[in-house]
2 protein chains.
Amino acid sequence: MQRPTIADIARRAGVSKGAVSFALNGRPGVSEATRARILRVAEEINWRPHSAARALGGARADAVGLVIARPARTLGVEPFFARLLSGLQAEFSSQSIALHLMIVEDTRAEIEIYRSWVSERRVDGLVLIDLKVRDPRIAVVEQLKIPAVVVGGPGRHGRVSSVWADDRAAMLSAVEYLAVLGHTRIAHVSGLPEFQHTQRRSRALRDAATRLKLPRARSLHTDFSDAQGAAATRKLLAGAGRPTAIIYDSDLMAVAGLGVALEMGVAVPHELSIISFDDSVLAQLTHPSLTALSRDTYRFGVQAAQAMTAVLADPTKTKNHKTETPRLITRESTSPTRN
Amino acid sequence: MQRPTIADIARRAGVSKGAVSFALNGRPGVSEATRARILRVAEEINWRPHSAARALGGARADAVGLVIARPARTLGVEPFFARLLSGLQAEFSSQSIALHLMIVEDTRAEIEIYRSWVSERRVDGLVLIDLKVRDPRIAVVEQLKIPAVVVGGPGRHGRVSSVWADDRAAMLSAVEYLAVLGHTRIAHVSGLPEFQHTQRRSRALRDAATRLKLPRARSLHTDFSDAQGAAATRKLLAGAGRPTAIIYDSDLMAVAGLGVALEMGVAVPHELSIISFDDSVLAQLTHPSLTALSRDTYRFGVQAAQAMTAVLADPTKTKNHKTETPRLITRESTSPTRN
DNA sequence: CGGCAATGATAAACCGGTCTAGTGAACGGA
DNA sequence: TCCGTTCACTAGACCGGTTTATCATTGCCG
C-alpha cells in the first residue's frame with residue numbers, strides 16, 4: 001500500500017476518520033476499547049502523520065526556526081554555535097520538534113526569513129540569538145505574533161521569553177581575580193559593540209575598574225574573528241603602558257591573541273595574563289592553556305529549547321530565565337604580576 | 001485581512017483559483033495580461049504561499065534534510081561541520097530551500113529520522129554525511145525513493161548522487177612530501193575506522209609506504225576527539241623507533257598532538273613533523289603553525305547543495321562529482337629530518 | 001416512566017493550495 | 001460554411017488530516 005492514511009486505518013478498524021483522529025491524538029470522543037483497536041491498526045500498517053496535512057488545518061508545524069546572521073567565515077570556527085545547536089537539538093528532538101536552520105548575511109535578511117517562515121506556517125516558534133541593542137527583531141516577532149525565545153539577552157521583551165547568562169557577574173569575577181593577582185592595567189578585546197552581551201561585559205569592566213580604582217581598563221571592539229582579535233592584541237601590546245592582562249570575548253580570539261604575544265616576545269603568563277570569556281577544547285589545547293570563564297553551552301542550548309517548548313505550550317506564559325553564571329577556570333595563562 | 005490566500009487573489013482579480021495558481025507558478029494556461037494582473041494583485045495584498053498546502057497536494061516541501069550522527073561533544077569543536085553547513089546553506093537559501101537539521105546519537109536513530117521525515121513529507125531530499133563502509137543508509141534511502149546526495153564517498157550508490165574529494169591523492173601528496181624531506185617513519189592518526197574516507201586515507205598511506213619502501217607506516221584509529229588524538233600521539237612518541245612525522249585526520253587532533261609533543265619535550269618540527277588532514281584557522285593559530293591539507297570546505301558544501309538541487313530537478317540524473325583535491329599548504333610544523 | 005445529560009460515534013465541512021476535465025470563443029484550413 | 005484545433009479560463013475534485021454539528025444509545029434522576 002502506498003503510504004497509509006487515517007482513512008486506511010478507519011476502514012480496517014471499521015470506524016470513521018474522525019474517530020481515528022480522536023484516538024490518535026488522545027482526545028475524548030472514543031471509548032478506550034476503540035482507541036486501543038485503532039492504535040493497534042495504526043501500528044500494524046505503520047501509519048505516520050503527514051505533517052503538511054496537519055499544518056494545513058491550522059495545527060502545529062512541529063518545527064522551530066533558527067536563523068544565524070553572522071558571516072560564514074567566523075561561524076565556521078566558533079565552537080559556541082555548534083555546541084548551542086547540539087543542546088537545542090537534543091531537547092527539541094526529544095519532543096519530536098524539528099529545527100529549521102538558516103544562515104544569512106544580516107539582520108534584514110533574517111527578518112525576511114522570519115516573515116516567510118511564519119506566513120508559510122513552516123515553524124511554530126523562533127529562536128533568536130545575538131541580541132542587539134534595540135534589536136529590530138523583537139518588534140517583528142511581536143508583530144508576527146509567533147512564540148519566540150531570545151538567547152543571550154535578559155528579559156523585558158513583551159511576549160518573548162529569554163534565556164541568558166549573567167555576563168556582568170562573570171566579568172566582575174574575572175576582573176576581581178586579576179586585581180587580586182596584582183594586575184592594574186586590564187584590557188578587554190570584545191566582540192561586536194552592537195551586541196547586548198558585548199555591552200554588558202564592557203560596562204561591567206568599566207564599573208569594576210572604577211570601583212577597584214584600576215586605570216586604563218578599556219574595551220577594544222572586534223567582529224569576533226581571529227584576525228581582528230590578533231590585530232587588537234597587537235595594538236594593545238605595542239602601545240606604551242601596555243596591559244598586564246587581557247580578557248577576550250571568545251576563545252578563538254584568545255588563542256589568536258596568545259599567538260600574537262608569542263610573536264612579539266611577550267611571555268604568557270609572566271608578562272601578560274590572558275583570560276578567555278568562553279571555554280572549549282580550544283582553550284585547553286594551547287600552551288600555556290587558557291584560564292577561561294566556562295559554562296556548559298550545550299546545557300544552555302537545552303535550556304533555551306525548554307523555554308521554547310514552554311512558550312509553545314502556553315504562549316501567554318513567557319519567562320525570563322537566567323542560567324548558570326560562567327565560572328572562572330584557572331589554567332596556565334594567568335599569574336600574579338611580577339612586582 | 002487574515003492571511004491572504006489564492007482565493008482572495010482570485011476574487012480581487014476576477015478570475016478563478018486555478019488561473020491564479022497557473023499564473024503564480026509560471027505555467028501556461030493564462031494570458032500574459034491576466035498573469036501580470038494576478039501577480040500585481042498578489043503583490044498588493046502581500047500574498048505568500050502556504051508551504052503545507054503545497055506539500056499536501058504531493059508537491060514539494062522545499063526543504064532538504066540533514067542528519068548528523070556524531071556525539072555532540074566532538075561536533076562542537078570540529079570547524080568542518082560549521083563550514084560545510086554554511087556552504088550548503090548558501091546554495092540552498094539562494095534556491096529558497098530550507099534545511100531541516102537534526103543531530104542524533106547513532107545511525108539507527110538517523111535512519112529512523114529519515115523514515116519519519118520522508119513519510120511526513122517534510123523534506124524533498126536528504127544529504128548524507130560520514131559515509132561508512134557498507135553504509136546501511138544507502139539502502140534505506142533507495143527504498144524510500146527519495147533523492148539523496150552522499151557527501152564524502154565516491155559513487156556507485158545506485159540512484160544516489162555523491163560529492164567527494166580525492167583523499168587518496170591528497171594523502172599520497174603528503175606522504176611524498178614527507179619522504180622528500182627525508183622522513184621514513186611516518187604515522188597516521190586517523191578517525192573512526194568505519195568511515196570510508198578514513199579507510200581510503202589509511203590505504204593510501206600503506207600503498208605509498210610500500211612503493212616508497214617506508215617501514216612502519218601505520219594508522220592509529222580514534223573517534224576524532226582531541227582526547228584520543230592526544231592519547232594516540234602519546235603512544236606513538238613513547239614507543240621505540242618513534243615516528244619522525246605524524247599525519248592527523250583533523251586539525252583538532254593535530255593541535256592536540258602538537259600539545260602532547262610539547263609536553264613530552266619533542267621539538268616540532270625539528271624532531272617531529274606534523275601535518276593536519278584538514279585546514280582551518282585552528283591550524284594557523286598554533287605555534288608552530290601547522291602544515292595542512294587544505295580545501296575550501298565552504299565550497300564543498302556549495303557543491304553538495306548543487307548536486308542536491310540537480311537531483312531534485314531530475315531524480316533520474318544522479319552524478320558522481322569529484323571536487324578539488326586538498327592541497328598541501330606548508331607551514332612551520334614540517335621540516336627535513338636532521339640526518 | 002419521562003426528561004435530560006453524558007457518551008461514543010459519524011458525516012461532512014474545512015484548511016490552501018494543485019491539477020484535471022471541461023467549456024466557450026476565436027481562428028484556420030478545406 | 002463547417003469542422004477541428006488551439007487558447008484562455010473555470011469548476012470542482014483532491015491531498016490527509018482536524019474539527020464541528022449531529023445523532024443514537026445509554027444511564028441517571030426525580
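Computed from a predicted structure; not experimentally measured.
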Query raised in the report: So, are B:R40 and B:E43 salt-bridged, with charged N and O less than 4.0 Å apart?
Result: no

Provide a list of protein-nucleic acid N or O atom pairs under 3.5 angstrom, restricted to nucleotides 4-7 of chain C.
none

Query raised in the report: Can you tell me how far P of D:dG16 sits from CG of A:D8, to the nearest Å?
Result: 9 Å

Report task. Would you indicate, yes or no, if C:dT18 has its OP1 or OP2 atom less than 4.0 angstrom from a side-chain nitrogen or oxygen of B:R54? Result -> yes

**Report entry** Note, A:L99 side chain near A:L85 side chain (heavy atom, < 4.5 Å)
**Finding:** yes

Requested in this report: Specify the separation, in whole Å, of atom NE2 of A:H50 and atom P of D:dG17.
Outcome: 7 Å

**Report entry** Sugar-phosphate only, base, or nothing, as touched by B:R48 at under 4.0 Å among non-hydrogen atoms
**Finding:** sugar-phosphate

Query raised in the report: Rounded to the nearest Å, what distance is computed from the CD1 atom of residue B:I6 to the C1' atom of nucleotide D:dT10?
Result: 13 Å

Query raised in the report: Does a side-chain heavy-atom distance below 4.5 Å link A:F22 with A:I38?
Result: no

Query raised in the report: Taking all atoms of both residues into account, what is the closest heavy-atom pair of A:F224 and A:L192, and its distance?
Result: CE1-N, 3.6 Å

Query raised in the report: D:dC15 P sits how many Å from B:R122 CZ, rounded?
Result: 21 Å

Query raised in the report: For the residue pair B:W117 and B:H100, does the interplanar ring angle fall in the parallel (under 30°), tilted (30 to 60°) or perpendicular (over 60°) class?
Result: perpendicular

Report task. Quickly work out the A:L56 CG to C:dC15 C1' distance and round it to whole Å. Result -> 4 Å

**Report entry** B:I68/B:L101 under side chain to side chain contact (heavy atoms under 4.5 Å, CB included): CA gap, chis, key distance, verdict
**Finding:** CA-CA 8 Å; B:I68 301 176; B:L101 176 74; 4.2 Å; yes

Query raised in the report: Any side-chain N or O of B:W47 less than 4.0 Å from the OP1 or OP2 oxygen of C:dG17?
Result: yes

Query raised in the report: Which part of the nucleic acid, if any, lies within reach of A:V20 when heavy atoms closer than 4.0 Å are counted: base, sugar-phosphate only, or nothing?
Result: nothing

**Report entry** Under 3.5 Å donor-acceptor, A:E110 side chain and A:L128 backbone
**Finding:** no

Query - d(CZ, A:R11; P, D:dG16) in whole Å - result: 11 Å

Requested in this report: Check whether more than 12 heavy atoms from other residues, nucleotides or ligands sit under 6.0 Å from atom CZ of B:R37, and answer yes or no.
Outcome: yes

**Report entry** Closest-nucleotide 5' rank along DNA chain C - winner of B:A7 and A:E32
**Finding:** A:E32

Polar atoms only, N or O, under 3.5 Å: list the protein pairs with nucleotides 19-28 of chain D and their distances.
from: D:dT19; atom 1: OP2; to: A:R27; atom 2: NH2; distance (Å): 3.4

Report task. On DNA chain D, check which nucleotide each of A:P49 and B:T34 is closest to and give me the residue with the more 5' one. Result -> B:T34

Requested in this report: Output yes when at least one side-chain N/O atom of B:S31 is less than 4.0 Å from OP1 or OP2 of D:dC9, else no.
Outcome: yes

Requested in this report: Write down the distance between CG (B:D62) and P (C:dG16), rounded to a whole number of angstrom.
Outcome: 19 Å

Requested in this report: For the side chain of B:T5, starting at C-beta, report the closest nucleotide among D:dA11, C:dG16, C:dG8.
Outcome: C:dG16

Query raised in the report: How are the rings of B:F300 and B:F80 set relative to one another: parallel (under 30°), tilted (30 to 60°) or perpendicular (over 60°)?
Result: tilted

Query raised in the report: What's the spacing between A:L126 CG and A:R137 CZ if we round to 0.5 Å?
Result: 10.0 Å

